[in-house]
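Data first, discussion second: the structure below is written as C-alpha cells.
Residue indices begin at 1 and follow the sequence shown. Worth saying up front: this structure is predicted, and the values here are computed from it rather than measured.
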Amino acid sequence: MMRNTWTLTKIMLKMQYSSAGKQSNAWVYVILAIFLIPFAILVLQGLHSMLTYSYNFLAEINQESMLLGLVLLSVAIVLMFLSFVMILSAFYFSDDISAYIPLPVHPYQLLAGKAANPLIYNYFAAAFMLLPFLFMYGSLSDAPFLFYVYGFILFIIFPIIPFSLVAVILMFIMRYVNIAKNKDRSKIFMGTASLLFVILINVVIRLNMDSSALMDTLMTYMQEQEGFMRLITLIFPPAYFGAGSLHFAASWSGFLSLLALLLLFIISVLLFVWAGQRFYLKGVRGMSSGSKGSLSDRAAQKLTKQRSSLITYMLKDVKVIFRTPAFLMQCVIQSLFFPVFLTVILFLDMGEELTALITAVPEKNLLLILFMVSVLIFSMNATAFTSISREGESRKLMLFLPIPFRQLINAKLFIAYLVALLPFILIVGVGIYIQLPVPIFIGWIVISLLYNWLAVMINFIVDIQNPKLHWTDEQELFKGRFIPFFIFLGQVALFGIITILLWNTAITSAYMMLFTLLVVILLITIFTQNYLRKKVTLETLQHLGDK
C-alpha cells in the first residue's frame with residue numbers, strides 16, 4: 001500500500017516539476033540572490049529588533065510565551081488560507097483527475113499524491129514564517145538544546161495539521177454539493193467563496209468583540225503565568241501544545257505537550273485518510289461534465305459587431321481570465337486577499353485612531369510606506385507573468401491573427417496593467433477613508449500607476465523568455481514556476497533597498513522625495529521599455545517553445 005502511494009506521489013510531482021526541455025536559468029537565480037541577500041539581512045535585523053523589544057517587555061510580566069503562541073497561531077491561519085485555495089485546485093479543479101481515477105489505487109492514496117504539491121508550498125510558507133522566529137526566540141531566551149529539537153519536530157508535523165483539517169471540511173462539502181450541472185460556474189463560485197468566507201469570519205469576530213469584556217479577560221489572564229499564550233491559542237489547540245512544548249522544552253511539561261501535539265497530528269492524518277476514502281471519489285464524480293449554453297440572436301449580433309483589433313483581442317483575453325477558474329483565482333481573487341484584509345481591519349478596528357496616526361507620521365516617511373505597499377501589490381502580478389504561457393499549445397495562432405505584432409503585445413500588457421489595478425483601487429479607497437494628505441495621496445497614485453507599468457513589463461519579459469507552454473492543466477502555470485516568485489522578490493528587494501536609503505537620507509521634503517522616486521522609476525521604466533522593444537520581436541513569438 002505504501003509503495004503504491006509513494007510511486008503515485010512521485011509520478012504526480014514529476015508531472016508538476018519536470019524540467020525536460022527547459023533551458024538552464026541558473027544565472028537568473030545568482031543575480032537575484034545578490035539583490036536578495038542584503039535586503040534579507042535588513043529585514044531580519046528589523047525583525048530581530050522588534051522581537052527583542054517584544055520579548056523584553058513581555059518577560060517583565062512573565063508572558064513571553066505569548067510570542068510563541070501568536071506566531072504558531074498566525075502560521076496556522078496562513079496555512080489554512082493557502083490550503084483552502086490549493087486543495088480546491090489540486091483535488092477537484094485539476095483537469096488531470098480523470099487520468100488518475102482508473103488507476104488501481106485507493107482514494108486515500110490518490111489524495112496523498114495530490115496533496116504532495118500543496119504541502120510543499122505549505123512547508124515553504126512555514127519555513128519563511130517560523131524558522132527565523134524560532135532561532136531568534138531561542139537565542140533571546142537562552143533556550144536549551146531540546147528547544148531546537150522540538151522546534152524541528154514541530155516544523156515537520158505542524159503544517160500538515162491545518163492542511164488536513166481544511167481538506168476534511170472541503171471533502172465533506174464537495175461530497176454533498178452538486179456541482180456537476182455547471183462545472184465552470186461552480187469552480188468560479190468556490191474560488192470566490194474562499195475570499196468571502198475569510199472576510200465573513202474576520203467581520204463576525206470583530207463585530208462581536210466587546211472591548212470592556214475583552215479588557216476584563218486580558219486582566220484575568222495577565223495574572224496567570226503563561227495566561228496570554230493560553231488565551232491566544234485557545235481557538236486552535238495544536239498551536240497551544242506546540243507553544244507549550246517549546247516554552248517548557250527543559251521540563252517534562254514540554255515533552256507531554258509535544259506528545260499531545262503528535263496525538264493531534266496522528267488524529268488529523270487518520271481523519272484525512274478516512275474522509276478521503278469515504279467522500280473524495282463521490283465528491284469528484286461528475287466534475288468532467290459541463291453545461292451547454294445557447295447563444296441568443298442579440299448576443300450573436302453583439303459578438304459579431306465590428307471593433308478595433310486591439311480592443312477585440314483585449315476583450316478575448318479578459319474573457320479567458322475571468323471565465324477560466326484557475327486564472328480567475330490566481331490572477332484576480334488571490335491578489336485581492338491582502339487589500340481586502342487591510343480594508344476590513346482598518347474599517348472595523350482602527351478608524352479615527354489610524355487617521356490620527358497618519359497625521360503624526362512625517363509626510364516623507366508616509367510616502368515611502370505607501371510606495372512599498374504599491375510595490376508589494378504590483379510586483380506579484382500573476383496576469384503579467386502568464387501573459388504568453390496562458391496561450392499554451394495554441395500559441396502559434398497568435399502569428400495568424402489579423403492584428404499587428406506590437407498591438408498584440410500591447411494588448412497583453414494593457415490587460416495585465418488593468419487587472420493589477422483592481423486590488424490597488426481598494427487600497428486607494430482605504431486612503432480616502434483615512435484621509436491621507438491630498439498632495440501625498442495624489443503623488444502616491446502617480447508613482448504607483450507608473451510603477452505598475454514597470455512591473456507589468458518586467459513580469460511580461462520574464463514570461464516570454466521563460467514560458468511554460470506545454471501544460472495540460474492551468475494550475476501548472478502557477479505551481480512549480482519559481483522564476484516569477486524570485487523576480488517578485490528581486491523587485492521588492494531592489495525597491496526596498498532604494499526606499500531604505502531614501503528613508504535614511506537628510507531629505508525632509510516630501511515633494512523632493514516624490515521627485516526622486518519619479519526620476520528613479522521613470523529611468524528604470526525607460527530602460528525596460530527599450531529592452532522590451534529590442535528583445536521581444538515577431539521572431540521571438542515565432543520561436544516560442546522551440547528551445
Side-chain angles (χ1 to χ4, degrees), residues 1-20 22 75-76 78-131 152-171 174 194 238 265-281 283-284 287 326 329-330 334 468 470-482 484-485:
M1 292 297 180
M2 289 301 297
R3 182 178 180 182
N4 290 340
T5 304
W6 178 241
T7 302
L8 187 60
T9 302
K10 288 193 297 182
I11 291 173
M12 291 185 178
L13 289 177
K14 286 181 180 179
M15 294 292 291
Q16 290 285 346
Y17 297 99
S18 175
S19 58
K22 295 183 181 179
V75 170
V78 170
L79 295 183
M80 283 183 178
F81 293 156
L82 290 176
S83 299
F84 192 100
V85 176
M86 290 189 295
I87 288 171
L88 283 175
S89 300
F91 287 13
Y92 293 97
F93 299 157
S94 177
D95 291 339
D96 62 352
I97 296 175
S98 56
Y100 293 114
I101 289 179
L103 296 177
V105 294
H106 291 284
Y108 77 86
Q109 293 174 312
L110 177 60
L111 273 181
K114 299 292 286 183
N117 191 55
L119 277 175
I120 289 175
Y121 283 83
N122 271 17
Y123 275 107
F124 270 117
F128 180 77
M129 298 177 63
L130 187 59
L131 294 183
F152 176 75
I153 297 173
L154 182 69
F155 172 71
I156 296 300
I157 66 176
F158 192 79
I160 298 178
I161 298 176
F163 178 86
S164 300
L165 294 178
V166 172
V168 170
I169 294 172
L170 287 177
M171 283 189 284
M174 299 299 284
S194 65
F265 165 74
I266 294 172
I267 292 174
S268 64
V269 172
L270 292 177
L271 195 61
F272 174 80
V273 172
W274 172 81
Q277 191 70 18
R278 184 179 180 90
F279 298 124
Y280 180 62
L281 287 185
V284 83
M287 288 295 296
M329 292 173 64
Q330 299 286 347
Q334 285 199 16
K468 187 177 181 65
H470 306 289
W471 49 267
T472 56
D473 176 15
E474 293 92 349
Q475 288 296 330
E476 295 178 25
L477 299 181
F478 308 96
K479 295 178 180 179
R481 295 188 72 199
F482 294 106
F485 174 71

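Considering only heavy atoms from C-beta on, Leu82 stays 4.5 Å or farther from Tyr121 through its side chain.
The distance from the CD1 atom of Ile161 to the CD1 atom of Ile266 is 10.0 Å, given to the nearest 0.5 Å. If you take OG on Ser164 and CG on Leu270, they are separated by 10.0 Å, rounding to the nearest 0.5 Å. Interatomic distance, CZ of Phe163 versus CG of Leu119, reported as 4.5 Å (0.5 Å rounding).
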Next on the checklist: For Tyr123 and Leu79: C-alpha separation, side-chain torsions, deciding distance, then whether side chain to side chain contact (heavy atoms under 4.5 Å, CB included) applies.
Outcome noted: CA-CA 9 Å; Tyr123 275 107; Leu79 295 183; over 6 Å; no
Checklist entry - Can you list the steps and then say if Asn122 with Ser83 is a side chain to side chain contact (heavy atoms under 4.5 Å, CB included)? => result CA-CA 8 Å; Asn122 271 17; Ser83 299; 3.1 Å; yes
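When the ring pair (Phe, Tyr, Trp, His ring centres under 6.0 Å) test is applied to Phe265, no partner is found at least two apart in sequence or on another chain.
Shortest non-hydrogen contact noted between Ala126 and Pro159 is CB-CG, 3.9 Å. Considering all non-hydrogen atoms of both residues, Leu111 and Phe272 come closest at CB-CZ, 4.0 Å. For the residue pair Gly276 and Met171, the shortest heavy atom distance occurs at CA-SD, 3.6 Å.
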